[in-house]
Amino acid sequence: MRCRKCGGAASVEIRRHHTAFCNEHFTEFFDRQVERAIEGERMFTRDDRVLVVVSGGKDSLALWDVLRRLGYQATGLHINLGIGEYSQESQRKAEAYAAGQGAELLIADIPGEFGMNVEEFARATGRVSCSACGLSKRYLFNRVALDLGFPVVATGHNLDDEAAVLLGNLLHWQTEYLARQAPVLSGGEPHLVKKVKPFYRTAERETAAYAVIRGIDYIVEECPNSVGAKSLLYKEALNLLEQAAPGTKQSLYWGFLEHAQRFRAVDDPALRACVHCGQPTTSEVCAFCRMTERAAERMRIRKGSPEASAPLAGAGRQGQTR
Amino acid sequence: MRVVIRHQKREVEVAGRRRVRDLLAELGVNPETVLVIRGTQLLTHDVQVGEDDTIELRPVVSGGEA
């Protein structure tokens, strides 16, 4: 297979575009897709400070890398979830990239700040691990961005992630979620930072290829808690379809974006500040504070001491991010 | 050749030359879900791999919610 641009040996085939590229021209293609996403959706400009949520996996490290290469002001934020060796290794990957590139990396440490990890949050509230984890990450990156004055947070969600979420929302006709699924979720409300997904145009296989070509050392192993996650089932189904009909994922998600306004009629409930932490919420106490309070209560009961755990919600707001 | 299947944490020995796409089909791996790497080089599915090669199948699918 030959590179469409230079005719040299190709390294990456992109079946949905009936094309293939060598390393150099794949990177060029990849950059262009990311730029089109950022500019086309008015995500941010080179004058904005962007907080990139960096897990240590391929997507987030690739995102941080490409934004820096393209001249954006991208600071990394790693959130340590406290999932044993997996979290330690993830943090090491993020730190190694930052050190190698001379890039600024902030760390938010959930066990360090809250005295327990996301698995304990999940157990205490009956949530599945991925749900407790997602809630924690969204809470923390919004809080860190607000505290440190970042106008926008970027995550490494790619086309496959978005297509899988969309499939799940469609299968259950979650219209309120459909109304909120977009490459840009503009802050607008007080205390809610704009969130963007610059990889919504690039497939998961392409972000992985970019990471390999760039020599990025990312954590390949999957989170142990993701075994059996619905998102993986949806991705498996979509990849079967993609194999038989290249372009299915793109057609599903990009097509949805063209029709997304059909779901915009759903009224978003008004947001207000959580009485404990000040973060945006639709109820008196935000979901994250409710979760951490319940987890703290569970820990107190287990230890048989009312003083066994320090008050958690909103505690240490400023202190645990470095 | 030695094939390192990262997501299944196993290695298999495969005899004879064949194209990457045929190798993946024999192993029952959907080409959409992996990168095929020889050394540091990504391989397209038409490339012939041979007896002396070590091939890594690296998963590209991540799960969970964020």
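Just so we're on the same page: letters track the sequence lines, and every chain starts at 1.
- With a 4.5 Å cut-off on non-hydrogen atoms, A:N158 does not touch chain B at all.
- With rounding to the nearest 0.5 angstrom, the CD atom of A:E242 is 5.0 Å from the CD atom of B:E32.
- Side-chain atoms of B:R58 never come within 3.5 Å of backbone atoms of A:V212 as a donor-acceptor pair (strictly under, hydrogens ignored).
- Across A:C223, A:A209, A:S55, A:G57, the residue that shares the most heavy-atom pairs under 4.5 angstrom with chain B is A:A209.
- In this structure a side-chain-to-backbone donor-acceptor pair under 3.5 Å is missing from B:R6 to A:V220.
- Using a 4.5 Å cut-off between heavy atoms, A:N23 touches chain B through its side chain atoms alone.
- Tested against B:V61 for a side chain to side chain contact (heavy atoms under 4.5 Å, CB included), the candidates A:L238, A:D160, A:L232 yield a single pass: A:L232.
- In this structure, B:N30 contributes its side chain and A:N239 its backbone to a donor-acceptor pair below 3.5 Å.
- B:S62 and A:E204 get closest at one heavy-atom pair: N-OE2, 3.0 Å.
- The contact list for residues 37-50 of chain B toward chain A, using heavy atoms and a distance under 4.5 Å, reads B:I37, B:T40, B:Q41, B:L42, B:L43, B:T44, B:H45, B:D46 by residue number.
- Counted within 6.0 Å of CZ on A:R127, heavy atoms from surrounding residues, nucleotides or ligands total more than 12; the atom is thus considered enclosed.
- The number of heavy-atom neighbours closer than 6.0 Å to OH of A:Y177, taken from other residues, nucleotides and ligands shown, is 12 or below.
- In this structure a side-chain-to-backbone donor-acceptor pair under 3.5 Å is present from A:K58 to B:V60.
- The contact between A:Y218 and chain B is made entirely by side chain atoms (from C-beta outward), counting heavy-atom distances below 4.5 Å.
- The number of heavy-atom neighbours closer than 6.0 Å to CZ of B:R19, taken from other residues, nucleotides and ligands shown, is 12 or below.
- The number of heavy atoms from other shown groups lying within 6.0 Å of CD (A:E236) does not exceed 12.
- Of the atoms belonging to A:A10, heavy atoms from both backbone and side chain fall under 4.5 Å from chain B.
- For chain B, the nearby part of A:E221 is the side chain; its heavy atoms alone come within less than 4.5 Å.
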